[in-house]
Every structure is written in C-alpha cells, then in structure tokens.
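Heads up, the thing below is written out as structure tokens.
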Amino acid sequence: MDCKEFERMIPDFIARKLDFQNLIKFKDHMEHCADCKEELVIQFLVSEGMQRLEEGDAFDLQNELKERLEDAGRKIKFHSSFLVAGAVLEIAAVIALAGTVVWLIS
C-alpha cells in the first residue's frame with residue numbers, strides 16, 4: 001500500500017468500514033509510515049472533534065484513537081485465527097478424503 005491509498009482509506013477507518021484485508025494493509029502501513037500515522041491522527045482529531053463539539057460531549061480523542069487502533073489489532077487477530085482454523089480443517093478434510101479413497105481402492 002502506498003501513502004495515497006492509505007489517505008483514501010482514512011475516512012473508512014474512522015467510520016469503521018474497512019474490510020478485513022484492507023484493515024490489515026492499513027494497519028501495517030500505518031505502523032511503518034510516520035507521515036501516514038500523523039495524517040490519521042490529524043484527520044481523526046478533526047472529524048471526531050468536530051462531531052463531539054457539535055454534540056457538546058466531553059472527549060479524549062487521543063485515547064479514543066488508541067482504542068480504535070487496538071480494536072483493529074484485535075479484529076485482525078480474531079479473523080486471522082479463523083483463517084488458520086479454516087486452513088487446518090481443510091487439510092484435515094483432504095487427509096480424511098485421501099485416506100477413504102486409499103481404503104476403498106485397497
């Protein structure tokens with residue numbers, strides 16, 4: 001992912017609309033690009049801050065962004081574990097099928 005693509009995804013990240021694959025790319029790029037991380041912080045503070053000011057709510061946007069990024073990390077781990085479990089089940093099914101075929105042939 002390049003910086004332009006990252007910047008286009010920021011509004012979807014803020015709105016929690018990124019799918020699993022894009023979330024992985026987004027988070028990985030952000031962790032390796034200080035400029036994009038700074039841009040995310042700025043856009044998050046502006047968009048969420050304006051909304052909170054209009055609502056009149058108290059807010060701690062730095063902490064909210066940190067929590068949102070941690071939530072994204074948990075989501076990635078959760079989905080990744082399902083992908084691994086699915087791969088293991090597929091391998092087990094292929095082995096069982098191959099065993100059945102060998103048993104039937106012999």
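All values below come from the heavy atoms of this structure, side chains included, with hydrogens, waters and symmetry mates left out. The residues of the chain are indexed from 1 along the displayed sequence.
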For this session: Using the salt bridge (charged side-chain N to carboxylate O under 4.0 Å, His left out) rule, collect all pairs that involve residues 72-101, keeping only residues at least two apart or in two chains.
Result: Asp71-Arg74

Exercise. Which residue pairs satisfy the side-chain hydrogen bond (donor to acceptor under 3.5 Å, both in side chains) criterion with at least one member in residues 17-27, sequence neighbours excluded?
Worked result: Asp19-Asn22, Lys27-Glu31

Seminar exercise, completed: For Leu45, the side chain to side chain contact (heavy atoms under 4.5 Å, CB included) test, sequence neighbours excluded, returns Val41, Leu61, Gln62

Seminar exercise, completed: Nearest heavy-atom approach of Phe6 to Cys36 is CE2-O, 3.2 Å

For this session: To the nearest 0.5 angstrom, please state how far the CD atom of Gln43 sits from the CD atom of Glu39.
Result: 4.5 Å

Exercise. Roughly how far apart are Glu7 CD and Asp35 CG, rounded to 0.5 Å?
Worked result: 9.0 Å

Exercise. Do you reckon Phe20 sits in the same ILVMFWY cluster as Met30, going by side-chain contacts under 4.5 Å, direct or chained?
Worked result: yes

For this session: To the nearest 0.5 Å, tell me how far Ile76 CD1 sits from Asp28 CG.
Result: 8.5 Å

Exercise. With side chains defined as the heavy atoms from C-beta onward, is the minimum distance between Phe26 and Ile10 less than 4.5 Å?
Worked result: yes

Problem set entry | Heavy-atom side-chain contact between Asp2 and His29 under 4.5 Å | no

Exercise. Do other residues, nucleotides or ligands put more than 12 heavy atoms under 6.0 Å from Glu38 CD?
Worked result: no

Exercise. Nearest heavy-atom pair of Leu69 and Leu40: which atoms, and what distance?
Worked result: CD2-CD2, 4.1 Å

Exercise. In Å and rounded to the nearest 0.5 Å, what is the CZ to CE distance from Arg8 to Met1?
Worked result: 9.0 Å

Exercise. For Ala72 and Phe13, which heavy atoms make the closest approach, and how far apart are they?
Worked result: CB-CE1, 4.1 Å

Exercise. With a 4.5 Å limit on heavy-atom distance, are the side chains of His79 and Leu83 in contact?
Worked result: no

